[in-house]
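Order of the sequence lines fixes the chain letters, A, B, ..., with proteins taken first and strands second; residue numbering starts at 1 for each chain.
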Amino acid sequence: MARAIAGWAVLENRPLLTGVETVLIRRLQRWESIPRYQRLAMLWAFGAIALGLVTWACFALGLNFSTASFAFLIVIIALSLLDSFVSSVVFSVIAVGCLNYFFVAPLFTLGVEQGQDLLALAAFVAASFVITSLIRRVRELGDIHREQARLINLTQAAYLAEAQKLSLGGSFGWNATTGEIFWSDESYRIFGYDPGVKPSLALIAQRVHPGDGDKFRPIVERGAVANGAVDFEFRLLMPDGAVKQVHLVARPLSGAPGQFVGALMDITARQQADQELRESEYRYRNIFRAMAASFWELDFKDAGSMLRELRAAGVKDYAAHFAAHPGTVREMMRATHVIDVNDQTVALFGRGDKAELLRSLDAFWPEASNHIYAASVIAAVTGKPSYAAECKLRTIDGREFDALFTACFAPETVAEGKLLIGVIDVSERVRAQEMLRRVQTEFAHAARVSMLGELTASIAHEVNQPLAAIATNASAGLRWLDRAEPNMEEVRALTTRIAADARRAGDIIARVRNMAARRAPERAQLSLNGVIDEATTFLLHELQAQDVTLTLTLAPDLPPVAADRTQLQQVVVNLAVNAVQAMAHGGARARKLSIRSARDGDMLIVVIEDNGPGIAADHLDRLFESFFTTKDNGMGMGLPICRSIIETHGGRIEARNRDEGGAAFIFTLPPAT
Amino acid sequence: MSPIEGLCEAHPGAGNAPKAEGVAQEPLISIIDDDDSLRTALVGLVRSLGYRASAFGSATEFLAAGEPSASDCIVTDIHMPGLSGIELKQRLTQEGCAVPVIMITARMEPGLEERAVASGAACFLRKPFEVSALVACVEKALKRQP
């Protein structure tokens, strides 16, 4: 019947039951809690008695059929409220029998004389069945409602539990008078206890961090005494030594003195994140303010808008666009505003007044460095995390200096249209590098002159040949002219040869002069094989004088190298002369010098090999050290300069002994891009 | 027979070989130098002097051509691939070939002149030489011919 009452409430679309309904439901629930077989026996006994009493009372009172049937109908409704449909049907059938026997003529029989009595009995049966069916439907609705309510309760509890897990927050109840404590599952997890344990203040005290014990206890005591709301943070020291930071809020439960309800929040992670954020902010501020580097914070919003406009206009290749429209780059610079700088920036770029630096970026950017700004913008829009390059920058006074420019494109700041850039003054380093380059150039020149000194005999021989030819041809020409009949044909032929020999002598002198010239290196796209060929012209007579056979194995179709011709020739000549000299000290073996060029992966490689005595094992690692020499009159600068030249050209050089005897010097160079 | 065997055997028209009677032939000067331009120049000079000239890029080539028996005078470079000028002279002397050899060189190495003279060189000249000195050497060498 409780189900039926709840079912009525559902039918009326009422979420809550009235007070009477609630009382009824409670009592009927007590009835329904009796075991079924016992309840059924009681019901049948009660039903039999009720039907008997109604029959006797109606008969004794002499009530007619209609009144008696109404009384029976009430009894059947009451009985059907107490149990199942089947019982109600059985009671209806018994009631019809009683009505027929005691109230329908002929009395005391189950026969029916008049058709209208039969109709009345049928109407009673139908009415009782309809009523019991309705009651059954209402009971079913009550069942459904209760199941739904149960499921909703379960779901809400599950939602609450999950929500508490997600928020790392638990709930608790505390009866300060009885000491009874309730914890939600998440509260158990926060305190690190098994859900089967009965919560108590003692358990809490075990977990409270010793440093917060004094802080925790008075607040709890104050809460218990004054019944005031509490809101505080404290630490828990877990058995594994971990420390949890917990935020607790609680307030008295209204209408229940001495009882509190509250929430616990594990804020360890949040507090760590806050701490890290504070430290990060602190570090950032320290870096920004105190580091000995110039830092700038830029507002890039307007320049960003210009970029978006370009993209909307169909520009896809920013690099090509910037190259074709350098004015756009300057406009973007003007639209990039300096919003903050550190003290180092004021010292480096300004005149002591920070405010005068807070202007458009273009004031500090020479035209010559436009491409660096453009490249940094492209790096930012293509998702690069940072960009760095060396370029010229300009102080507020207009002085230009060499700077290492770095830009950081952190997504958080980029989203706000802000950029952080750093500038380091590298003028001293650039000057030092320039000085080093000059010294290296000077050394290379000195080494070339020294090398030419060693080749004096070969060079003299080279020059003497055409000079001797010229003198001879001239003398012969004079003789043909001095004849009684000058032979002009002979004279013409001789003069042509004189001119050719003079050119040859001039070429030789030009080669020597180039080699001896003191000038800054100039890179050009060169054929590596061509450089080797030219270098060997310095060597031919030296090789001949030393009885050295030269083999050139030059790979065809090598890509060009970007190099200084004279310096590369110097390397080849130096290595070849070393090889010839080594072989001269190496005994009577047939001397062979081999120069090979080839591709080696992405690089070009040149191998200069001899079949001399090789390199002593303890000299191998020191060959390229400055002032290390194995020659009596050597300076020890030839190989270090070769290494310097090759490395300046982006290659590497090494020496090793050949398995078959002799030494091999190998250097690599990158092909020109 | 090896090309260098019988270097100075009689050869019709040869300089130091008996000349064919009644046939007046200009002396033959053999030029040996690995430098093309100087070799050509020396040939031109010899021809301007009114002599015949033959030219070779190396001593080996000269010997292979059987020229020693025909030459009246040899003008040779000292440093050449293969046989040097001094080695050529030594070889000729060993073979009993008395043809005068004038040696020229562009090299400055010490002791070279002494070695050349010791080998029996008629003249030793350094490049670039005075042409008149070379002409004098050639004419002197030819006068010594029997």
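Enclosure of atom CD in A/Gln546 by more than 12 non-hydrogen atoms of other residues, nucleotides or ligands within 6.0 angstrom is indicated. A/Arg483 CZ: more than 12 foreign heavy atoms inside a 6.0 Å radius. Counted within 6.0 Å of CZ on A/Arg513, heavy atoms from surrounding residues, nucleotides or ligands total 12 or fewer; the atom is thus considered open.
For B/Arg39, no part sits under 4.5 Å from any heavy atom of chain A, backbone or side chain. In this structure, chain A has no heavy atom under 4.5 Å from any part of B/Thr105. For B/Val46, no part lies near chain A; criterion is any non-hydrogen pair under 4.5 Å.
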Quiz: residues 110-117 of chain B side-chain donor-acceptor pairs under 3.5 angstrom, not counting sequence neighbours:
residue: B/Arg115; atom: NH2; partner: B/Glu109; partner atom: OE2; Å: 3.1

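The CZ atom of A/Arg479 lies 5.0 Å from the CG atom of B/Leu49; values are rounded to the nearest 0.5 Å. One distance of note links NE2 of A/His461 with CG of B/Asp35; it measures 7.5 Å at 0.5 Å rounding.
The interface of residues 464-475 of chain A with chain B, defined by heavy-atom distances below 4.5 Å, comprises A/Asn464, A/Gln465, A/Leu467, A/Ala468, A/Ala469, A/Ala471, A/Thr472, A/Asn473, A/Ser475. Within residues 486-494 of chain A, the residues that have a heavy atom under 4.5 Å from a heavy atom of chain B are A/Glu490, listed by number. Contact residues of residues 500-509 of chain A toward chain B are A/Asp501, A/Arg504 (heavy-atom distance under 4.5 Å).
Each of B/Ser84, B/Pro81, B/Ser48 has some count of heavy-atom pairs under 4.5 Å with chain A, and the biggest count is that of B/Ser48.
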